[in-house]
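Note that the coordinates shown come from a computational prediction; the quantities given were computed from them, not determined experimentally. Starting from 1, each residue takes its place in the sequence as its number.
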Amino acid sequence: MAEPAPNDPDGKVTVFTHDAAQLVVEASGTGARTFLLVHGIGMGRGVFGDLIEHLEPHGRVLAVDLPGFGAAEEPPRVPSIERLADLVGAYLRQHEPADRELVAIGHSMGTQVVTELAARHPSLVDRVVLVAPTVDAAARGALPQLGRLALDLLVESPKVLILGAREYLRAGPHLRRKTRAMLAHRPERSYPKVAAPALVIRGENDVVCPRAWCARVATALRTRVVEIPGHGHETMIRDAAPAARAILAELGVQPVET
């Protein structure tokens, strides 16, 4: 069930509830193609503002807050990655036209969600884009991941640090359990099940997602890795233009300068 979000005079934001979990969806743009944007751990749809500006001229954009992130309420229990994918799938099945091309774009933990979406609900997804895919199988524990993230943040811009701090505070007291759910997921088991064409994007300086891991992901998805020079893990937040150009080039679309 989807309802208009309160305090949204433009009517762009809806709240979708399914199986006791809430998804907040902000829609913008128009066209035959839909870009679905799924955020990473501790984040929310608010970090996609720059990317949305680059994608809006080329189709409809759906940016989501997963349960317990952004403006979405905390669920009664922390959902698994698979359950998050099922929630997004339920929204798409009920509210998006079946004949619309859907490009599912995930960042960080969001790559795990869109991977499961494509593997479990293949009829809903026409293309998958994984930006900074987690979790590196060689460093799956919480401490290695947090250590890598801390190193990555040392080179990030003030914009990333400010947006990230705001979203992590909104993620609430259950972030630790959400991180455990992320780390429990094994995306490498699902990559071979994805039939849709895929693209992997990595920031050149991303220590969270090393080059070797991203190459392994790309091989499993039968695709390639595009590296964004001078960027780290938060490449779509810091400056989304290079990632947007890579996504649009994969679709054969000429970017519109903004």
Side-chain angles (χ1 to χ4, degrees), residues 1-3 5 12-29 33-48 51-52 55 59-135 167 171 178 181-182 184-187 189-191 193-199 221 236 247:
M1 179 181 65
E3 299 177 345
K12 292 183 175 181
V13 182
T14 58
V15 179
F16 175 71
T17 304
H18 176 78
D19 194 21
Q22 188 180 89
L23 190 73
V24 175
V25 183
E26 182 172 356
S28 59
R33 176 184 293 116
T34 295
F35 298 97
L36 171 71
L37 309 183
V38 184
H39 60 81
I41 188 76
M43 297 295 180
R45 73 183 194 279
V47 302
F48 286 125
L51 181 63
I52 290 171
L55 296 180
R60 178 171 162 84
V61 182
L62 301 177
V64 306
D65 286 336
L66 297 171
F69 297 101
E73 293 180 356
E74 286 286 348
R77 63 185 186 281
V78 174
S80 66
I81 295 295
E82 292 85 352
R83 186 163 172 252
L84 291 175
D86 291 344
L87 173 64
V88 175
Y91 173 84
L92 294 173
R93 198 166 267 117
Q94 293 183 35
H95 297 284
E96 287 299 303
D99 60 349
R100 189 187 297 272
E101 179 188 5
L102 187 117
V103 182
I105 304 170
H107 173 248
S108 196
M109 182 194 74
T111 66
Q112 298 172 244
V113 177
V114 301
T115 293
E116 288 298 337
L117 177 66
R120 297 164 70 87
H121 307 280
S123 65
L124 299 176
V125 179
D126 295 286
R127 191 175 294 269
V128 172
V129 179
L130 307 185
V131 185
T134 51
V135 177
E167 295 298 336
K178 296 168 187 174
M182 178 189 78
H185 181 243
R186 301 292 190 267
R189 297 177 182 173
S190 296
Y191 293 140
K193 302 174 185 177
V194 175
L199 178 67
L221 289 167
M236 286 200 305
I247 294 167

- Do L221 and L130 have side chains that get closer than 4.5 Å, going by heavy atoms? yes
Backbone N/O of [Y] and side chain of [X]: donor-acceptor pair under 3.5 Å:
| X | Y | answer |
| --- | --- | --- |
| E116 | S190 | no |
| K178 | F69 | no |
| D65 | A71 | yes |
| H185 | E82 | no |

- Partner of I105 by side chain to side chain contact (heavy atoms under 4.5 Å, CB included), out of L199, I247, L36, V61: I247
- What residue among V194, T115, V114, L102 forms side chain to side chain contact (heavy atoms under 4.5 Å, CB included) with V125? L102
Distance-minimising heavy-atom pair for [X] and [Y]:
| X | Y | answer |
| --- | --- | --- |
| P67 | L87 | CG-CD2, 3.4 Å |
| V128 | A196 | CG2-CB, 4.4 Å |
| G40 | S108 | CA-CB, 4.1 Å |
| P133 | Y191 | CB-OH, 4.1 Å |
| A20 | P76 | O-CD, 3.2 Å |

[atom1]-[atom2] distance between [X] and [Y], expressed to the nearest 0.5 angstrom:
| X | Y | atom1 | atom2 | value |
| --- | --- | --- | --- | --- |
| E96 | T34 | CD | OG1 | 5.0 Å |
| T17 | E73 | OG1 | CD | 7.5 Å |
| R100 | L92 | CZ | CG | 11.0 Å |
| H18 | Y91 | NE2 | OH | 14.0 Å |
| I52 | F35 | CD1 | CZ | 11.5 Å |
| T14 | L23 | OG1 | CG | 8.0 Å |

- How would you list all residue pairs meeting salt bridge (Lys or Arg N to Asp or Glu O under 4.0 Å) that involve residues 104-114, not counting sequence neighbours? none
So, using side-chain contact (heavy atoms from CB on, under 4.5 Å) as the criterion, who are the partners of [X] when residues are at least two apart?
| X | result |
| --- | --- |
| A27 | R60, L62 |
| E26 | K12, V13, R45 |
| A132 | H107, D206, C209, H233 |
| E101 | R33, V103, D126, L251 |

- Considering residues, nucleotides and ligands other than R186, do more than 12 of their heavy atoms fall under 6.0 Å from its CZ? yes
- Take atom CZ of R93 as the centre, draw a 6.0 Å sphere, and report whether it contains more than 12 heavy atoms from other residues, nucleotides or ligands. yes
- How would you list, by chain and number, every residue that makes a salt bridge (Lys or Arg N to Asp or Glu O under 4.0 Å) with R120, sequence neighbours excluded? D86
- Task: Let me see the working for L55 and L37 under side chain to side chain contact (heavy atoms under 4.5 Å, CB included), right down to the final yes or no.
- Result: CA-CA 11 Å; L55 296 180; L37 309 183; 4.0 Å; yes
